[in-house]
Amino acid sequence: MPDSFQIETIVAAEPQRVFSAWMDGREHAAFTGGGEAVVEPWTGGRFIAWDGYIHGILLGVDEGRRIVQTWRTSEFPPEFRDSRLVVEFEAARGGTRVVVRHSDLPPSQLKRYEKGWTEHYLKPLVRYFAKGGKQKTPAPIAPETSWGRKQEPTRRPQKGTRTVQKAAARKASSKPARPRAAPKRKSGSRRAKR
C-alpha cells in the first residue's frame with residue numbers, strides 16, 4: 001500500500017520569493033490562513049504551523065530551492081514515526097513550480113493529507129502571490145478543516161467589533177461622567193482695534 005504522494009503547482013513569483021514566504025512564520029501564516037506559524041529557517045530548526053497542529057524539524061535547507069523536513073500532525077497515531085516532507089522551488093514558465101513530495105505517511109490518512117496540501121497550501125499560495133504576496137493578516141479559519149481537525153479561531157476581536165464595543169460600553173457605564181471644564185482663555189486676548 002502506498003504511503004507517499006507528489007503534487008505540484010505554478011506560483012506567479014520568483015523561486016527565491018516563494019521560498020522566503022514559506023520560510024517566514026508570519027508570511028506562512030498569511031498565505032495558509034491557518035493560524036500561527038513558527039519557522040526557524042535553518043537545518044535543525046523547528047517548523048510549526050496551523051497553531052501547532054503540524055510540526056517538524058528542518059533536516060536540510062537549500063536556500064531558494066529546497067526544504068527537507070520531518071512532518072507530523074497531532075492526529076498521527078502515537079506509535080507512528082514522523083513523515084518526510086520535501087518541498088522544491090524550481091523556475092518555470094509563469095514563475096515557480098512548487099513540488100511537494102510527502103512520504104512515510106500513515107496509509108489510512110494519505111488521501112486526506114494529499115487533499116489538505118492542495119486545499120490549504122498550494123491553492124492559497126497561488127492566490128497569495130496572485131494578489132502580489134502582500135497579504136498582512138491571515139484569513140479567517142473555518143471551524144473544521146479538511147486536515148481533519150476542528151479548530152476555533154484564535155484571533156482577538158479588533159477595535160470596532162461588537163465585542164470590543166460592548167466592553168467599552170461596560171467600562172464607560174461603570175465610571176461616573178466628569179463634567180467638562182470650560183476652555184481657559186489666554187491672558188492678553190485680542191483687543192478690538194480702533
Side-chain angles (χ1 to χ4, degrees), residues 2 4-73 83-105 109-149 151 153-155 158:
S4 63
F5 59 84
Q6 175 178 316
I7 55 176
E8 61 184 65
T9 194
I10 301 293
V11 177
E14 296 298 315
Q16 180 61 51
R17 178 66 186 98
V18 180
F19 174 89
S20 295
W22 195 288
M23 296 296 278
D24 177 270
R26 293 182 83 181
E27 256 195 300
H28 195 100
F31 81 73
T32 64
E36 201 171 331
V38 175
V39 183
E40 295 174 342
W42 55 81
T43 299
R46 296 177 303 150
F47 176 87
I48 302 167
W50 289 79
D51 290 328
Y53 172 70
I54 300 169
H55 61 277
I57 301 294
L58 298 175
L59 302 174
V61 177
D62 185 2
E63 181 71 28
R65 288 185 267 220
R66 184 177 173 172
I67 303 162
V68 180
Q69 69 175 77
T70 65
W71 191 97
R72 76 182 295 121
T73 70
S83 66
R84 180 180 171 89
L85 176 67
V86 177
V87 184
E88 295 177 324
F89 306 87
E90 306 166 351
R93 181 185 298 251
T96 300
R97 174 178 288 109
V98 178
V99 179
V100 174
R101 292 185 181 94
H102 203 157
S103 59
D104 301 326
L105 286 160
Q109 298 174 351
L110 187 69
K111 288 292 181 193
R112 186 175 59 186
Y113 289 135
E114 185 174 0
K115 182 179 178 186
W117 275 108
T118 300
E119 297 300 317
H120 300 289
Y121 268 85
L122 297 185
K123 285 182 180 178
L125 187 64
V126 168
R127 284 192 298 268
Y128 180 73
F129 281 101
K131 293 178 183 178
K134 295 180 181 175
Q135 183 177 347
K136 292 187 176 153
T137 56
I141 304 165
E144 186 169 332
T145 72
S146 64
W147 288 102
R149 71 181 169 116
Q151 176 177 336
T154 57
R155 288 182 228 348
Q158 295 178 358

For this session: Determine the interplanar angle of the F47 and H28 rings, folded into 0 to 90°, and report it as parallel if under 30°, tilted if 30 to 60°, perpendicular if over 60°.
Result: perpendicular

Problem set entry | Intermediate values then yes/no, side chain to side chain contact (heavy atoms under 4.5 Å, CB included), Y128 and V11 | CA-CA 9 Å; Y128 180 73; V11 177; over 6 Å; no

Exercise. Taking only residues two or more places apart in sequence, or in another chain, which ones meet R72 in a side-chain hydrogen bond (donor to acceptor under 3.5 Å, both in side chains)?
Worked result: D82

For this session: Only counting residues at least two apart or in another chain, list the ones meeting side-chain hydrogen bond (donor to acceptor under 3.5 Å, both in side chains) with Q69.
Result: none

For this session: Using the six-membered ring wherever Trp is involved, compare the ring planes of H102 and Y113 and label them parallel, tilted or perpendicular (cut-offs 30° and 60°).
Result: parallel

For this session: Write out all pairs satisfying side-chain hydrogen bond (donor to acceptor under 3.5 Å, both in side chains) with one or both partners inside residues 84-96, taking only residues at least two apart or from two chains.
Result: E88-R101

Exercise. In chain order, what residues pass the side-chain contact (heavy atoms from CB on, under 4.5 Å) check against E114, with sequence neighbours excluded?
Worked result: F5, I7, K111

For this session: Can you run down the salt bridge (charged side-chain N to carboxylate O under 4.0 Å, His left out) pairs that involve residues 4-15, sequence neighbours left out, and say none if there aren't any?
Result: E8-R97

Exercise. Would you call F31 and F129 a side-chain contact if the rule is heavy atoms closer than 4.5 Å?
Worked result: no

Exercise. Of the non-hydrogen atoms in R66 and V86, which two are nearest, and what is the gap between them?
Worked result: NE-CG1, 3.6 Å

Exercise. Looking only at heavy atoms, which two atoms of G35 and A29 are closest? And how far apart?
Worked result: O-CB, 3.0 Å

Exercise. Can you find a pair of side-chain heavy atoms, one from W42 and one from V61, that are under 4.5 Å apart?
Worked result: no

For this session: Apply side chain to side chain contact (heavy atoms under 4.5 Å, CB included) to the pair T32 and H120, showing each step before the final yes or no.
Result: CA-CA 6 Å; T32 64; H120 300 289; 5.9 Å; no

Exercise. What heavy-atom pair brings I10 and V126 nearest, and what distance separates the two atoms?
Worked result: O-CG2, 3.5 Å

Problem set entry | Derivation of the side chain to side chain contact (heavy atoms under 4.5 Å, CB included) call for L58 and T43 | CA-CA 5 Å; L58 298 175; T43 299; 5.8 Å; no

Exercise. If you look at every heavy atom in S83 and S103, which pair is closest and at what distance?
Worked result: CB-O, 3.1 Å

For this session: Look at the side chain of D62 and the backbone N and O of R65, then say whether any donor-acceptor pair between them is shorter than 3.5 Å.
Result: no

Seminar exercise, completed: Nearest heavy-atom contact between P15 and G95 is CD-O, 4.4 Å

For this session: Please name all residues satisfying salt bridge (charged side-chain N to carboxylate O under 4.0 Å, His left out) with D104, sequence neighbours left out, ordered by chain then number.
Result: R81

Problem set entry | Whether Y121 and W50 hold their rings parallel, tilted or perpendicular, with breakpoints at 30° and 60° | tilted

For this session: Check side-chain hydrogen bond (donor to acceptor under 3.5 Å, both in side chains) between T9 and all other residues, then give those that pass, not counting sequence neighbours.
Result: none

Problem set entry | Partner residues of K123 under the side-chain contact (heavy atoms from CB on, under 4.5 Å) criterion, sequence neighbours left out | T118, E119, R127

Seminar exercise, completed: By side-chain contact (heavy atoms from CB on, under 4.5 Å), R46 pairs with (sequence neighbours left out) V38, E40, I48, I57

Problem set entry | Derivation of the side chain to side chain contact (heavy atoms under 4.5 Å, CB included) call for I67 and F19 | CA-CA 9 Å; I67 303 162; F19 174 89; 3.6 Å; yes

Seminar exercise, completed: Residues passing the side-chain hydrogen bond (donor to acceptor under 3.5 Å, both in side chains) test with H55, sequence neighbours excluded, are none

